[in-house]
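What follows is a set of notes on a single structure, which appears directly below.
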2 protein chains.
Amino acid sequence: MDADRPPASEVTDAELAVLKALWRRRRATIRELTDELYPGGGASHYATVQKLLERLESKGCVGRRRHRRVNVYRPRVDRRTLIARRLQATADRLCDGSLAPLLSHLVGAADARQLSDRDLAALRALVGRLEEDGAGGEGR
Amino acid sequence: MDADRPPASEVTDAELAVLKALWRRRRATIRELTDELYPGGGASHYATVQKLLERLESKGCVGRRRHRRVNVYRPRVDRRTLIARRLQATADRLCDGSLAPLLSHLVGAADARQLSDRDLAALRALVGRLEEDGAGGEGR
DNA sequence: GGATCGTAAGACAGCCTGTCTGAGATGTCA
DNA sequence: TGACATCTCAGACAGGCTGTCTTACGATCC
């Protein structure tokens with residue numbers, strides 16, 4: 001019983017640009033996206049966006065609904081989901097599926113002050129939660 | 001004298017298999033790698049490994065030295081470097097370059113006990129350090 | 001009825017990836 | 001010396017992916 005998660009072959013750069021625009025607006029037509037991504041673009045740019053959306057749809061990243069004869073697209077995955085997929089893919093490729101080495105590296109990067117103050121605050125909050133869990137039972 | 005780090009276009013699957021074999025042995029000839037990766041493989045597999053090594057070299061991932069007329073290859077990047085590159089690439093694509101969201105996700109995945117005790121300890125230590133530093137200001 | 005806008009299907013070139021071929025240099029051994 | 005094996009180097013090649021673009025067609029509106 002897999003929650004049909006097609007291995008989601010990576011989202012490409014151009015596709016990602018469309019998806020990001022869709023994240024900003026929560027829904028949009030091809031026309032709206034074309035106007036945003038290719039200001040002053042013509043029919044061919046329109047078709048490009050159309051094709052990218054078609055591929056995003058086949059990857060399960062966007063959905064569409066007809067509204068007055070026009071397709072209205074909306075995202076079906078959010079940024080965090082894409083991050084999670086990519087991190088897991090990285091772990092699978094490089095660490096036999098374990099996420100720990102990735103975390104280990106990021107902790108090192110934090111040392112090198114690659115994190116903003118805001119990032120650090122978020123991290124402190126997360127670790128605070130983690131410490132509570134750690135102190136509590138480890139039943140689950 | 002630019003530390004010309006070519007953005008290191010991603011290492012592909014087949015290339016990674018060669019690189020992993022090179023990580024295990026610390027150096028190896030094409031012949032040795034071919035025997036390991038394509039047991040009983042013929043001349044064409046030999047050439048495949050050779051081509052993959054050539055591309056890895058152009059990506060700065062392996063180096064070679066002639067030893068008695070034969071090229072001996074050795075890795076020039078380790079697993080952690082590749083992890084770092086990939087995490088940064090993910091951050092660039094999805095998080096405007098910030099590593100924090102990645103860390104955030106991993107910490108979330110962490111209390112699913114994917115982390116070793118050592119990782120947790122490192123994380124706590126990091127936070128401890130951050131709390132100390134946090135009070136004082138830093139250069140940037 | 002014609003202009004305008006949207007959909008749908010697919011053609012296309014360029015790149016990447018993995019595989020493979022061939023030519024040439026060098027070393028070994030009978 | 002000459003046959004043979006082994007290695008290097010250069011490059012061909014097909015298949016897939018990516019981004020772009022063309023065309024055909026249907027609906028809508030004045």
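Sequence lines set the chain letters: A, B, ... in the order given, protein chains first and strands last, and positions in each chain run from 1.
Residue B:Asn71 has its side chain nearest to D:dT8 when only D:dT8, D:dG19, C:dT17 are considered. Proximity note for A:Ile30 (side chain, C-beta onward) versus D:dG19, D:dG11, C:dT7: the nearest is C:dT7.
When the side-chain nitrogen and oxygen atoms of B:Arg64 are compared with OP1 and OP2 of D:dC9, one or more of them lie within a distance under 4.0 Å. A sub-4.0 Å separation between OP1 or OP2 of C:dG27 and a side-chain N or O of B:Arg69 is present. Under 4.0 angstrom from either OP1 or OP2 of C:dC16 there lies no side-chain N or O belonging to B:Thr12. One finds no side-chain N or O of A:His45 lying less than 4.0 angstrom from the OP1 or OP2 phosphate oxygen of D:dT20. The side chain of B:Arg31 places an N or O atom within less than 4.0 Å of a non-bridging phosphate oxygen (OP1 or OP2) of D:dC7. OP1 or OP2 of C:dC5 has not a single side-chain nitrogen or oxygen of A:Tyr46 nearer than 4.0 Å.
C:dG18 atom C1' lies 15 Å from atom CG of B:Leu16, rounded to whole Å. One can place NZ of B:Lys51 at 14 Å from P of C:dT21, the figure rounded to the nearest angstrom. Regarding B:Glu54, its CD atom lies at a distance of 13 Å from the P atom of D:dA12, rounded to whole Å. Here the P atom of nucleotide D:dT6 and the CG atom of B:Asp35 are 11 Å apart, to the nearest Å. B:Glu10 places its CD atom 17 Å from the C1' atom of D:dT18, with the value rounded to the nearest Å. In this structure, B:Asp13 places its CG atom 10 Å from P of C:dT17, rounding to the nearest Å. Counting to the nearest Å, the P atom of C:dT26 and the NE2 atom of B:His67 are 19 Å from each other. Rounded to an integer number of Å, the gap from CG of A:Leu53 to P of C:dG10 is 19 Å.
Looking at heavy-atom distances under 4.0 Å, A:Ala47 makes contact with a base. Contacts of A:Arg55 with the nucleic acid, taken as non-hydrogen atoms under 4.0 Å apart, include base atoms.
A:Glu15 is not listed as a side-chain neighbour of A:Val18, based on a closest heavy-atom distance of 4.5 Å or more. A heavy-atom distance below 4.5 Å is not found between the side chains of B:Leu33 and B:Leu52.
Ion pairing between a basic and an acidic side chain is recognised when a charged N comes within 4.0 Å of a carboxylate O; A:Arg86 and A:Glu10 show such pairing.
Taking all atoms of both residues into account, the shortest heavy-atom contact from B:Lys59 to B:Val11 is NZ-CA, 4.2 Å. Taking all atoms of both residues into account, the shortest heavy-atom contact from A:Arg66 to A:Asn71 is CG-OD1, 3.4 Å.
In this model, no side-chain donor or acceptor of A:Arg66 finds a partner on the base of C:dG6 within 3.5 Å. The base of C:dA8 is paired with the side chain of A:Gln50 by a donor and an acceptor separated by under 3.5 Å. Judged by distance alone with a 3.5 Å cut-off, no donor-acceptor contact links the side chain of B:Arg68 to the base of C:dG27.
Judged by distance alone, with hydrogens and angles left aside, the side-chain atoms of A:Arg79 form a donor-acceptor pair with the main-chain N or O of B:Leu94 at under 3.5 Å.
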